[in-house]
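What follows is a short report on a single structure.
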Amino acid sequence: MTPTVDSPPVSVPVHFIDRADRALHDEQLRAAVRHATDLLMKGRQVALGGLEDSDVVRDEARRIRSRVLSRLPDILDRWATNLEARGGHVHWATDADEAVEIILDIARRRGARLLVKGKSMASEEIHLNSALEARGHEVVETDLGEFIIQLAGETPSHLIAPAIHKDRYDVEKLFTADAGHHVGPDITEEAGYARRRLRSSFLEADIGISGVNCAVAETGTIGLVENEGNGRLCTSVPPVHIAIMGMERIVETWEDLDVILSLLARSATGQPLSVYTNLITGPKRPGELDGPEELHVVVLDNGRSAALGTEYAEILNCIRCGACLNVCPVYRQVGGHAYDSVYGGPIGAVLTPLLNPASPGGRELPEASSLCGACAEVCPVRIPLDDMLLRLRHRDARADSSRMRRLGFSAWSWLWATRPGYALSTAAARRSRGLASRLPSRGWLGAWREFREIPPMGRRDRRSRP
Amino acid sequence: MSGPRTGGGDSSPVTVFSTCTVDTVGPDVATCTLNLLRRLGFDARLVRGATCCGQPAWNSGFGTEARRVARRTVKALTRTEGPIIVPSGSCATMIVHHWAELFSGDRLARSAAAVADRTEELSQFLDRRGLADSLPERTGDTASTTVHDSCHGLRGLGIKGESRRLLAAIGTPVTECGTAERCCGFGGTFSVKMPAVSAAMADEKLDDMVASGVSRVVGGDLSCLMQLEGRARRRGLDLEFRHLAEVLDGADPDQAATEGDRR
Amino acid sequence: MTTREQFLGRLRSATGERAPADTTGEPVPPVRYAVDRSGLTGFTESWTALGGTVETVTDLEAAAAAVEAWTAGKGPLMVVNHPDLAGVPRDIDWPDCDLDVAPDAGCGVVRADAAVAQTGSVVVSSTTNHGRSVSLLPLNCVFVFRRDEIVDDPGDILRADFGPDGPPSQLVLIGGPSRSGDIEMSLTTGVHGPGVVHAVVVTG
C-alpha cells in the first residue's frame, strides 16, 4: 500500500544530534511522548505491585533467559523438531535478505495478492513491506498504530506504541484521505473506522504475518501477545500464517513462559496480561474448521549471533517490553525517530551497534545517553544497559572520535597525571571563569554556553538570577 | 564498606577527596565538607596530590587516559588514613564500582581496590554513622528546599533517604518534586556533545521545581548542580542551588569562604 | 538458503567456547502474586476491572436463558456446537456451517475451557471449541463455563500437563474486551476483537 497522504519527502538528517534537534522543536511530539511514557511507567509500577515480589520474579526471568542463551542451539533444535511434528514449517534466515526471500517464496507459491500483518519488529528489521510491495503484493498493517503510520508512510517510533507521535487530528487527516469521506477526530469513531476498514482485509487476505513474543521449546509452540485482536485475526483467519521470530525469542518450558508472561505486559503496558495471549502449536488440525492450513516460522539471526558468546550476549535476553524507552530521559525528549533505527531508546542504542555496526546509528547511538542508568533499573530481565552503552563507547571511541577529541583526552590525561599540571589548570579554570563567560567560545565551552551560563564559583552568589 | 562506626568523631582521621569538579568550579564545597567533619569531631584532612577519578575519559570510552589520571589519585589516596569521603555520588561510584575494571591488570589494582573499600559518599558516611543527630539544628532557614537525586549516587550507590534524613535533622523540610530521580542532563561529556538534548532534560526538572514552588535545590553532586544552575540562570529562574555539604555546614552564604585550609 | 544444521552450527561455534551460564536446571518456582485471587469472587473482580461483565446461573438451562437474554438485539447469533450450549437458540451453528457466514455474526457464544481468577482471563482452545472465529469475529461475545473451572493463576493453565498430544493448535487467554491505546493513549474497545464481553458462570 502506498501512502495515501501526499507529503513532500522529508530528508532524514544523518546524525542523531540533528534528528534530535528537529524533535526538540516538535512540541506536539514531545508532549505526546511525555504523556504516553508517563502513563506507561505509572501503569508498570502499579502492575508490578500485583506480584508478591517483582524483584524475585525479575531475577528468575533473568536466570531463565540466560539459561536459554547458554544453550540456544539445542533449544532451537528441540523447538523446531516439535513444531515440525505438529505440522509447522521452520525456516532459518541468516540475514534480512534470506528472510525476505523465504517469505516471498511462500507468497509466490500461494499466489498471494494480499497479506495482513500484525505488529512485528522483526519484520521492520528486514524491511518486509517494501520488499513485498516491490513484487506486487499488497501488505496491510492491522495493528491500529501500525495502520496509522503505514498510511502516513512512516516507521514505528516506539516498541509497543508505534504511533505515539500522532494525535487524533493527524489520524483524522490520514483516515479521511483513506476513506474518501470524513473520519474523526473522535477517537472512538477513528477506531471504529479501522475495525471496518481492516475487517475486509483480514477476510480477503491470503497470508497473515505476525511476530513472535516468546516460543516454547518443549512443545514447539509460538506465543504472541497483543491487545487488539488483530494478532489473533492474522494468525487465525488467512489460510497461511507466517511468523517471523528473532532467534533468541524462546524459552524451554511452559513454566518459564509463565514467568516471562507475568512480567511482559506488566512492564510494557501495565496490564497483568495482554488481552490476548495466543499460544500457537502448529496449523489447524483435522476437524478444525478455521485456522491456517500452513504455519511457517522464519527464525531470524540478522546479526544476533555476533553478540553470542561476547560481553554483549545478555542484550539477547530482551523481551521487548519497551520499559527502558519509557523511563529514558533522552528518549523522553526526542522520541523514537531521532534514533533512526528499528529499535530506539536504550535497547536500540545497544542493539543497533551490535546488529548493524557499520551504520551511522551503530556508531553514534551509544553516545545518546547520559548513562543515568534508569534503563537498567527498570529492565524486567535486568540487562545492564548502561554498562553496555559504556562498553560500546570503549569499543568504538578511538576509531570514531575526531583527532581533536583524541588529542584532547590525551593532553588532559598527561596534564592531570601530574600534581602541578592539575593545580595549574584548575586554578586557571577558576580564575578565568569570568572571562570564559564573556568571550566568544567554540568547542565544548561554546556548546555549554549555547544553552547554559557558567555558574559562579563559591558560595558568594548561589542564586540563579542572572 | 569498612570504617569504624564511631557515632561521633573522636578525633579519628578521615580523608576528604575533593574531586576535580569541586576543585575547578566549586572549591567551597571542599571547605564546607572539611568544616562539617571537623565540627563533628573528626580529624578531617584534604588529600594532597589527588587529581581526578578518571570518569570523564572513562565514560567517553578512553580507558588508557582515564587510568593515567586515576593512577595519580590512587597513589595519593593510598597514603591517607581512615575513611575516604567524597562529596560526589558520581566520583564515589566511579571509585567503588568502576575502578576494578579500570585497573584490571594494572600494578595498582590492589591499591585501587583498597582505596575503593575505604571510599564513601559524604551523605552515606554521615548517615551510616548516625551523625545526623550531631548536626546543629538551624532556625530561621526557611528556604523551601527540594533534593535532586544524582543518578550515580541514586542507582550506583543506592543513596536516597540519606540527604533527606540529614536535612530533616538540621530542621530543613524537603519538598519532593516528581522529577527528583530523573537525570538532570549533565552526563559528563554528554552535556557538551548533545547540548540541546541535555538542556531539554534540565528544563523539565527546572519547570517541575518552579511549579512545586521551591526556592532552593540541594544535591550531592556539584556537576548536576552546575548543569541545573547554568540552565536556570540562562532562563532567568529564581532558584538557588546548593551542595549538601554547604547546607549542612550552614555557613552564611554571604560570608566569603576563607576559613578552610585550601591547598 | 541456510539449513537448520548450518544455522545452528554457527550458533554452536559462537556459544561453544563459553561455559554455560547458570544452567543448574532447578525447577522454576511458581509466580507469586501480591493478592491471592481465587474462585468466582476473584474472577469477577479481575474480569470486571478489565471491562467485562459477569452473571451467575444455577444450571445449563438457566445459562441458555441468560445467554439468550444478553444477546438479544445484538445481531445474528453464532454458537459453538457444544453439548452444554445445546439449549441456546442460534442463527449460525459452529462448526456445522459455511465458513463464509461467520463474519456476519453479531454475537458469539463460546464454551470456555476455564477461567483465571488472578488475571481475569477466560481460556479458549481450538481443540475443545473446534474453532477460533466464534470468540474473535463478532463484536459481542459470551463465554460460558462452570464455577469449578475457575483456576487461581495463569500458571495453573500454562503449567498444566497437555498430555501426549501436546497443547492445542491455538490456546488463548482472553482478558476482557479487545482494546487499543494507539491514538493518544486513549482507551478504545472493540478495535478488532469483541468489544463487549460477558461471562455466564454456571454455579450448580
Side-chain angles (χ1 to χ4, degrees), chain A residues 16-17 20-21 24 30 34 329-330 332-334 367-374 376-377 390 392-398 401 405-406 409-410 412-414 416-419 422-423 425-426 429-430 433 443-445 447-448 450-455 457-466, chain B residues 20 23-28 49 51-52 56-57 59-66 68-69 71-72 151-152 155-156 182-183 185-201 204 226-227 229-234 236-242 246 251 253-254 256-257 263:
Chain A
F16 175 87
I17 191 169
D21 198 48
L24 287 172
R30 296 179 64 202
R34 279 197 296 269
V330 174
R332 182 179 178 83
Q333 300 302 332
V334 301
E367 299 287 344
S369 163
S370 61
L371 298 182
C372 77
E377 192 178 46
L390 182 56
L392 285 164
R393 289 185 186 182
H394 282 255
R395 185 187 80 171
D396 297 334
R398 246 155 264 280
S401 296
R405 189 168 152 88
R406 288 198 309 273
F409 273 114
S410 184
W412 165 84
S413 70
W414 287 112
W416 280 22
T418 69
R419 170 78 186 143
Y422 179 78
S425 56
T426 51
R430 286 197 300 274
R433 188 199 73 84
W444 62 265
L445 190 58
W448 180 274
E450 189 183 350
F451 295 95
R452 292 151 291 211
E453 301 298 328
I454 298 171
M457 309 301 160
R459 70 171 83 133
R460 281 172 297 284
D461 178 16
R462 309 261 331 158
R463 295 194 80 79
S464 68
R465 276 186 302 251
Chain B
C20 67
D23 287 349
T24 309
V25 302
D28 294 348
T51 62
C52 164
N59 279 3
S60 301
F62 289 84
T64 310
E65 290 78 359
R68 188 174 292 139
V69 170
R71 286 170 65 93
R72 162 68 48 198
C151 298
H152 294 165
R155 302 193 182 89
R182 194 172 292 152
C183 178
F186 179 68
T189 52
F190 173 81
S191 65
V192 288
K193 275 202 109 174
M194 307 207 169
V197 182
S198 166
M201 288 159 73
E204 207 179 351
M226 183 174 72
Q227 155 85 352
E229 180 168 3
R231 182 62 185 165
R233 281 176 178 264
R234 173 62 55 88
L237 302 177
D238 188 14
L239 288 166
E240 179 192 7
F241 296 85
R242 303 290 298 276
E246 295 177 290
D254 295 326
R263 286 166 277 176

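- Heavy-atom pairs under 4.5 Å with chain A peak, among B:G156, B:G188, B:P56, B:A200, at B:A200.
- Under the 3.5 Å distance criterion, the side-chain polar atoms of A:R332 are left unmatched by any main-chain donor or acceptor of B:M201.
- For A:W444, the side-chain contact (heavy atoms from CB on, under 4.5 Å) criterion is met by B:V192, not counting sequence neighbours.
- We find the SG-CH2 distance between B:C52 and A:W412 to be 4.5 Å, quoted to the nearest 0.5 Å.
- Annotation: maximal heavy-atom pairing with chain B below 4.5 Å, among A:D21, A:I17, A:T426, A:L390, occurs at A:L390.
- Every residue two or more places apart in sequence or in another chain was checked for a ring pair (Phe, Tyr, Trp, His ring centres under 6.0 Å) with B:F186, and none qualifies.
- Residue contact with chain B, scored on non-hydrogen atoms closer than 4.5 Å, is absent for A:A423.
- When heavy atoms are compared at a cutoff of 4.5 Å, A:S425 does not approach chain B at all.
- Interface check for chain B: of the options A:C372, A:G443, A:A447, A:A368, the most heavy-atom pairs under 4.5 Å are formed by A:C372.
- Using a 4.5 Å cut-off between heavy atoms, A:Q333 touches chain B through its side chain atoms alone.
- Taken to the nearest 0.5 Å, the CE atom of B:M194 stands 9.0 Å off from the OG atom of A:S369.
- A donor-acceptor pair under 3.5 Å is absent between the side-chain atoms of A:R393 and the main chain of B:G61, judged by distance alone.
- Note: A:A374 leads A:A374, A:S410, A:G373, A:A20 in heavy-atom pairs under 4.5 Å with chain B.
- Heavy-atom distances place both the backbone and the side chain of A:R406 under 4.5 Å from chain B.
- With chain A as the partner, the residue from B:V197, B:N59, B:T189 showing the most heavy-atom pairs under 4.5 Å is B:N59.
- In this structure, B:T51 and A:W416 approach most closely via the heavy-atom pair OG1-O, 3.0 Å.
- For B:R231, the parts lying under 4.5 angstrom from a heavy atom of chain A are both the backbone and the side chain.
- Of the possible donor and acceptor atoms, none in the side chain of B:R233 sits under 3.5 Å from a partner among the backbone N and O of A:I454.
- For the residue pair B:F62 and A:R405, the shortest heavy atom distance occurs at CE1-NE, 4.1 Å.
- Between chain A and the residues B:E65, B:R68, B:K193, B:E204, the largest count of heavy-atom pairs under 4.5 Å involves B:R68.
- When heavy atoms are compared at a cutoff of 4.5 Å, B:Q227 approaches chain A by way of both its backbone and its side chain.
- Separating the CE atom in B:M226 from the CZ atom in A:R452 is a distance of 8.5 Å, to the nearest 0.5 Å.
- Rounding to the nearest 0.5 Å gives a distance of 11.0 Å between CD of A:E450 and OG of B:S198.
- Shortest non-hydrogen contact noted between A:R430 and B:P27 is CD-CG, 3.5 Å.
- With a 4.5 Å cut-off on non-hydrogen atoms, A:L371 touches chain B through its backbone and its side chain both.
- Ranked by non-hydrogen atom pairs under 4.5 Å with chain A, the options B:C183, B:A199, B:G185 are led by B:C183.
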